[in-house]
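In what follows, a structure is listed as structure tokens, so that the remarks can point back to it.
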Amino acid sequence: MDNQTRIELEAAAFRTLREHLMEKRTDVQNIDMMNLAGFCRNCLSRWYQEAANERGIEMSKDEAREIFYGMTMHEWKANYQTDASGDQKAAFDKSFAENVGKKD
């Protein structure tokens with residue numbers, strides 16, 4: 001497989017993941033993703049921002065989130081985000097403590 005095809009397939013997979021999270025699984029909270037997988041929608045938008053910045057494209061955190069979420073964070077939170085339960089927060093704190101110092 002040539003490099004351009006690989007890049008196109010990776011980009012297609014990313015778009016499919018984004019669409020899945022934004023259109024089919026809005027019920028899954030970011031804290032649940034963090035607790036289970038160690039990353040969430042915000043991480044994906046940050047990685048997008050970092051890739052843009054590495055290529056000389058100025059992009060803020062809010063701009064990257066709006067591109068990824070397809071709306072502002074304020075809109076996303078109002079439409080889909082729920083308050084984290086005590087169990088979710090405890091699992092997040094435990095996971096964070098176990099992984100402090102580890103890179104993404």
Side-chain angles (χ1 to χ4, degrees):
M1 176 183 314
D2 64 78
N3 194 47
Q4 183 61 36
T5 300
R6 181 187 56 77
I7 290 168
E8 290 170 8
L9 293 174
E10 290 171 351
F14 174 81
R15 287 189 300 271
T16 301
L17 172 62
R18 183 200 165 277
E19 290 167 10
H20 180 76
L21 292 171
M22 305 317 294
E23 296 172 13
K24 296 180 178 124
R25 294 309 310 260
T26 56
D27 60 312
V28 177
Q29 297 297 301
N30 280 339
I31 194 166
D32 294 323
M33 292 175 64
M34 288 297 296
N35 290 343
L36 180 63
F39 75 96
C40 68
R41 293 171 183 87
N42 292 334
C43 297
L44 290 164
S45 69
R46 187 186 79 233
W47 298 336
Y48 187 91
Q49 174 198 13
E50 290 171 353
N53 292 162
E54 287 172 5
R55 287 161 181 77
I57 301 167
E58 290 296 319
M59 183 179 296
S60 71
K61 177 172 66 173
D62 288 337
E63 289 170 327
R65 284 182 174 178
E66 190 165 345
I67 290 167
F68 187 83
Y69 282 85
M71 63 187 74
T72 66
M73 281 301 299
H74 176 76
E75 292 170 309
W76 172 264
K77 288 179 180 182
N79 290 324
Y80 303 110
Q81 188 167 314
T82 61
D83 290 334
S85 71
D87 288 344
Q88 287 171 313
K89 290 176 185 177
F92 179 81
D93 290 342
K94 181 178 185 266
S95 176
F96 182 78
E98 290 172 352
N99 293 298
V100 168
K102 292 184 181 177
K103 293 283 183 186
D104 292 350

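As the structure is a computational prediction, the values presented were derived from the model and not from experiment. FYI, the numbering just counts along the sequence from 1. Keep in mind that the numbers below use all heavy atoms, side chains included, and drop hydrogens, waters and symmetry copies.
At a threshold of 4.5 Å between non-hydrogen side-chain atoms, the residues Leu21 and Leu44 count as touching. Within the 4.5 Å cutoff, side-chain heavy atoms of Met59 are placed close to those of Ile67. Phe68 has its side chain out of reach of Gln49: every pair of non-hydrogen atoms, C-beta onward, lies at least 4.5 Å apart.
Considering CD1 of Ile31 and CD of Gln81, their distance stands at 9.0 Å, rounded to 0.5 Å. Taken from CG in Asp32 to CD in Gln29, the straight-line distance is 6.5 Å, to the nearest 0.5 Å.
Residue pairs that meet the salt bridge (charged side-chain N to carboxylate O under 4.0 Å, His left out) test with at least one member in residues 13-24, sequence neighbours left out, do not exist here. Note on residues 54-71: no pairs pass salt bridge (charged side-chain N to carboxylate O under 4.0 Å, His left out), not counting sequence neighbours.
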List the atom pairs, donor and acceptor, that lie under 3.5 Å between side-chain atoms in residues 7-14 and the rest of the protein, sequence neighbours left out.
from, atom 1, to, atom 2, distance (Å)
Glu8, OE2, Gln4, NE2, 3.0
Glu10, OE1, Arg6, NH1, 3.0
Glu10, OE2, Arg6, NH1, 2.9

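When the side chains of ILVMFWY residues are joined at heavy-atom separations under 4.5 Å, either directly or via intervening members, Leu36 and Val28 end up in two distinct hydrophobic clusters.
Scanning for side chain to side chain contact (heavy atoms under 4.5 Å, CB included) contacts around Met34 gives Cys40, Cys43, Phe92, with sequence neighbours left out. Not a single side-chain hydrogen bond (donor to acceptor under 3.5 Å, both in side chains) links Asn35 to another residue, sequence neighbours left out. In this structure Asn79 satisfies the side chain to side chain contact (heavy atoms under 4.5 Å, CB included) test together with Met71, Glu75, sequence neighbours excluded. In this view, Tyr80 satisfies the side-chain hydrogen bond (donor to acceptor under 3.5 Å, both in side chains) rule with no residue, not counting sequence neighbours. Every residue was checked against the ring pair (Phe, Tyr, Trp, His ring centres under 6.0 Å) condition with Tyr48, not counting sequence neighbours, and none meets it. Partners of Ser85 under the side-chain hydrogen bond (donor to acceptor under 3.5 Å, both in side chains) rule, at least two apart in sequence or in another chain, are Gln88. For Asp27, the salt bridge (charged side-chain N to carboxylate O under 4.0 Å, His left out) criterion is met by Arg25, not counting sequence neighbours. With sequence neighbours left out, the side-chain hydrogen bond (donor to acceptor under 3.5 Å, both in side chains) criterion links Asp2 to Thr5. Qualifying side chain to side chain contact (heavy atoms under 4.5 Å, CB included) partners for Ala90, counting only residues two or more places apart in sequence or in other chains: none.
Annotation for Ala64 and Ser45: closest pair CB-O, 3.4 Å, computed over non-hydrogen atoms.
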Let's go through Asn42 and Asn30 carefully: what are the C-alpha distance in whole Å and the side-chain angles of both, what is the deciding distance for side-chain contact (heavy atoms from CB on, under 4.5 Å) to 0.1 Å, and is it a yes or a no? CA-CA 8 Å; Asn42 292 334; Asn30 280 339; 3.8 Å; yes
